[in-house]
**Q** 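This is the structure I want to talk about, given as structure tokens.
Computed from a predicted model, the values in this text were never measured in an experiment.
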Amino acid sequence: MSRQEIKVFYTPSVLNFTSRLSEHKALLDQNELAIVERFKISKLKVRYIICHGILRQLLAKHLNQSAADLEIEKTEFGKPFLPDHPNTSFNMSHSGDSLAVAISSQCQLGIDLERYKSRHTWEGLVKKCFAPEEADYWYSLDRSKRSRAFYQFWVKKEGFVKAVGKGITLGLDQCVVNPDDTSSFLRVPELGGLADQWQIHTLDLPENEFGAVVCDQRNAKLQLIAIS
């Protein structure tokens with residue numbers, strides 16, 4: 001895989017893989033198994049096992065290594081990384097039963113996936129998380145289009161935060177998506193460098209699912225692949 005290529009692996013339902021639950025659980029390390037035991041709801045436990053088992057399988061295939069032997073650590077803000085493979089970039093997101101994993105090389109990479117949920121707090125979230133340019137655009141839309149537009153902006157902002165790996169303390173209102181070209185940012189926090197070094201890829205997903213990959217390689221090409 002070249003540094004300009006991002007592979008995104010996606011499934012609309014990890015529950016389709018429940019027949020492989022024991023196989024996936026056998027791949028997890030002691031830290032992951034400890035997290036599994038803390039879940040009180042069976043469905044959440046199953047989701048976690050399958051999501052992290054699939055992640056390990058995808059990384060193992062990318063690196064041509066054993067999935068169970070991969071050492072996955074997290075930064076202080078929770079971003080996962082491979083200490084033995086510092087040039088491998090990856091990120092995972094899940095919403096409901098959907099899962100998406102992005103893998104590339106030698107870049108800062110973040111992915112966010114969200115399933116549509118009706119809310120009564122759109123305006124409060126826009127006031128808190130959107131920059132003036134984004135809010136002006138959002139309010140200019142017909143009310144029937146605002147909820148979906150919110151998600152389109154949200155996943156791009158979350159993707160950036162996850163790529164930088166410093167958590168939402170960066171301030172979502174400081175990651176400003178360009179309303180006239182939603183593949184780019186108008187501004188990003190100083191920690192993220194220059195806005196024009198970042199590229200946003202909107203994922204082509206089923207209706208009522210929203211996803212984006214954010215990468216600090218402007219010439220990166222994205223390939224969306226079904227998890228099987």
**Q** Ile50 pairs by side chain to side chain contact (heavy atoms under 4.5 Å, CB included) with which of Leu99, Thr11, Leu21?
**A**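 Testing each of Leu99, Thr11, Leu21 against Ile50, the sole residue satisfying side chain to side chain contact (heavy atoms under 4.5 Å, CB included) is Leu21.
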
**Q** Answer whether the closest heavy-atom distance between the side chains of Asn208 and Arg115 falls below 4.5 Å.
**A** no

**Q** Any chance you could measure Phe160, atom CZ, to Asp112, atom CG, to the nearest 0.5 Å?
**A** 14.0 Å

**Q** Restricting to non-hydrogen atoms, name the atom on Phe210 and the atom on Val155 that form the minimum distance, rounded to 0.1 Å.
**A** O-CG1, 3.7 Å

**Q** Does Phe90 reach the side chain of Leu55, with side-chain heavy atoms less than 4.5 Å apart?
**A** yes

**Q** Report whether Leu27 and Phe81 are members of the same hydrophobic cluster (ILVMFWY, side-chain heavy atoms less than 4.5 Å apart, transitive linking).
**A**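 No; Phe81 is not reachable from Leu27 via cluster members.
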
**Q** Would you check if the side chain of Ser184 reaches a backbone N or O of Asn178 as a donor-acceptor pair within less than 3.5 Å?
**A**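 Flag not set: sc Ser184 to bb Asn178 has no pair under 3.5 Å.
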
**Q** Any chance NZ of Lys45 has more than 12 other-residue heavy atoms, nucleotides or ligands included, within less than 6.0 Å?
**A**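 Yes, because the 6.0 Å sphere around NZ of Lys45 holds more than 12 heavy atoms from other groups.
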
**Q** Could you tell me the separation between the CD atom of Gln217 and the OG atom of Ser104, rounded to the nearest 0.5 Å?
**A** 7.5 Å

**Q** Go through the structure and list residues passing salt bridge (Lys or Arg N to Asp or Glu O under 4.0 Å) with Glu73, not counting sequence neighbours.
**A**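 Applying salt bridge (Lys or Arg N to Asp or Glu O under 4.0 Å) to Glu73 gives none.
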
**Q** At what distance, to the nearest 0.5 angstrom, does CZ of Phe153 lie from CZ of Arg148?
**A**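 CZ of Arg148 is found 14.5 Å from CZ of Phe153.
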
**Q** Would you say the side chain of Pro179 lies within less than 4.5 Å of the side chain of Leu186, judging by non-hydrogen atoms?
**A**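 Counting from C-beta outward, Leu186 and Pro179 do come under 4.5 Å.
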
**Q** Given 3.5 Å as the limit, does a donor-acceptor pair link the side chain of Lys74 with the main chain of Lys79, or not?
**A** no

**Q** Check residues 194-203 and write down every donor-acceptor pair under 3.5 Å in which the side-chain atom is one partner and the other belongs to a residue at least two apart or another chain.
**A**
{"residue": "Gln197", "atom": "OE1", "partner": "Leu194", "partner atom": "N", "Å": "3.0"}
{"residue": "Trp198", "atom": "NE1", "partner": "Gly192", "partner atom": "O", "Å": "2.7"}
{"residue": "Thr202", "atom": "OG1", "partner": "Lys156", "partner atom": "NZ", "Å": "3.1"}

**Q** How far apart are the C-alpha atoms of Trp154 and Glu158, what are their side-chain angles, what is the distance that settles it, and do they pass the side chain to side chain contact (heavy atoms under 4.5 Å, CB included) test?
**A** CA-CA 6 Å; Trp154 182 267; Glu158 284 281 356; 3.4 Å; yes

**Q** Thinking salt bridges, do Glu5 and Lys221 make one under a 4.0 Å N-O criterion?
**A**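 No salt bridge links Glu5 with Lys221.
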
**Q** Would you check if Leu82 and Leu63 make a side-chain contact, meaning some heavy-atom pair closer than 4.5 Å?
**A**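 Yes. Closest side-chain heavy atoms under 4.5 Å.
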
**Q** Count I, L, V, M, F, W, Y as connected when their side-chain heavy atoms are under 4.5 Å apart, and connections chain through other members. Are Leu70 and Ile35 then in the same cluster?
**A** yes

**Q** Would Val176 and Phe185 satisfy side chain to side chain contact (heavy atoms under 4.5 Å, CB included), going step by step from the backbone distance to the final call?
**A** CA-CA 5 Å; Val176 188; Phe185 291 100; 5.7 Å; no

**Q** Quick one: does Ser89's side chain have a donor or acceptor within less than 3.5 Å of a partner on Gln108's backbone?
**A**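 Checked: no pair found.
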
**Q** Examine Phe130 together with Tyr137 and report whether their ring centres are nearer than 6.0 Å.
**A** no

**Q** Counting only heavy atoms not in Asp204, do more than 12 fall under 6.0 Å of its CG?
**A** no

**Q** Please identify each residue that fulfils salt bridge (Lys or Arg N to Asp or Glu O under 4.0 Å) with Glu133, with sequence neighbours left out.
**A**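 With neighbours one apart ignored, the set is Arg187.
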
**Q** Heavy atoms, side chains only, cut-off 4.5 Å: are Gln57 and Glu23 in contact?
**A**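 The answer is yes; the side chains approach within 4.5 Å.
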
**Q** May I ask you to decide if Leu172's main-chain N or O and Lys157's side chain share a donor-acceptor pair within less than 3.5 Å?
**A**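 Yes, Lys157 side chain to Leu172 backbone: donor-acceptor pair under 3.5 Å.
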
**Q** Identify the two heavy atoms, one from Gly165 and one from Phe77, that lie closest to each other, and give their separation to 0.1 Å.
**A**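 Looking at all heavy atoms of both residues, the closest pair is O-CB, 3.4 Å.
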
**Q** Could you tell me whether the side chain of Lys162 and the main chain of Ile111 form a donor-acceptor pair under 3.5 Å?
**A**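 Answer holds: yes.
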
**Q** Would the distance check show the side chain of Glu32 and the main-chain N or O of Asp29 forming a donor-acceptor pair, the cut-off being under 3.5 Å?
**A** yes

**Q** Does the side chain to side chain donor-acceptor pair (under 3.5 Å) test come out yes or no for Tyr10 and Glu209, once each step is laid out?
**A** CA-CA 12 Å; Tyr10 167 81; Glu209 291 198 7; 2.6 Å; yes

**Q** I'd like to know if the side chain of His62 and the backbone of Leu58 have a donor-acceptor N/O pair within less than 3.5 Å.
**A**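 Answer holds: no.
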
**Q** Report the distance from atom CG of Asp84 to atom CD1 of Ile72, rounding to the nearest 0.5 Å.
**A** 11.0 Å

**Q** Under a 4.0 Å threshold between the charged nitrogen and the carboxylate oxygen, would Asp97 count as salt-bridged to Arg47?
**A**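 Yes, charged N to carboxylate O under 4.0 Å.
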
**Q** Could you tell me which non-hydrogen atom of Gly211 sits nearest to which non-hydrogen atom of Leu205, and how far apart they are?
**A** N-CD1, 3.6 Å

**Q** Heavy atoms, side chains only, cut-off 4.5 Å: are Trp138 and Phe150 in contact?
**A** yes

**Q** How close do Pro12 and Ser98 get, counting heavy atoms only, and between which atoms?
**A**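 That closest heavy-atom pairing would be O-OG, 3.1 Å.
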
**Q** Between the side chain of Thr18 and the main-chain N/O of Leu15, is any donor-acceptor distance below 3.5 Å?
**A**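 Indeed, once roles are kept as given, a pair shorter than 3.5 Å links the two residues.
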
**Q** Quick one: does Pro189's side chain get under 4.5 Å of Cys175's, heavy atoms only?
**A**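 Touching, per the 4.5 Å side-chain cut-off.
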
**Q** Within 45° of the six-membered ring axis of Trp122 and under 6.0 Å from that ring's centre, is NZ or CZ of Arg146 located there?
**A** no

**Q** So which heavy atom on Ala135 is nearest to which on Val126, and how close?
**A** CB-CG1, 3.9 Å

**Q** How long is the straight-line distance from CE of Met92 back to CG of Leu59, given to the nearest 0.5 Å?
**A**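 One gets 9.5 Å once the value is rounded to the nearest 0.5 Å.
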
**Q** Backbone N or O of Ala67 within a donor-acceptor pair of the Arg56 side chain at under 3.5 Å?
**A**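 At least one qualifying donor-acceptor pair exists.
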
**Q** Can you measure from CG (Leu113) to CG (Asn91) and round to the nearest 0.5 angstrom?
**A** 11.5 Å

**Q** Using modelled atom types and a 3.5 Å cut-off, is there a donor and acceptor pairing between side-chain atoms of Tyr151 and backbone atoms of Lys117?
**A**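 Confirmed, Tyr151 side chain pairs with Lys117 backbone.
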
**Q** A side-chain contact here means heavy atoms from C-beta on lying under 4.5 Å apart; do Leu109 and Ile6 qualify?
**A** yes

**Q** Give me the atom names and distance for the closest heavy-atom approach of Ala149 to Leu141.
**A**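 Closest approach of Ala149 to Leu141, heavy atoms only: CB-CD1, 3.4 Å.
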
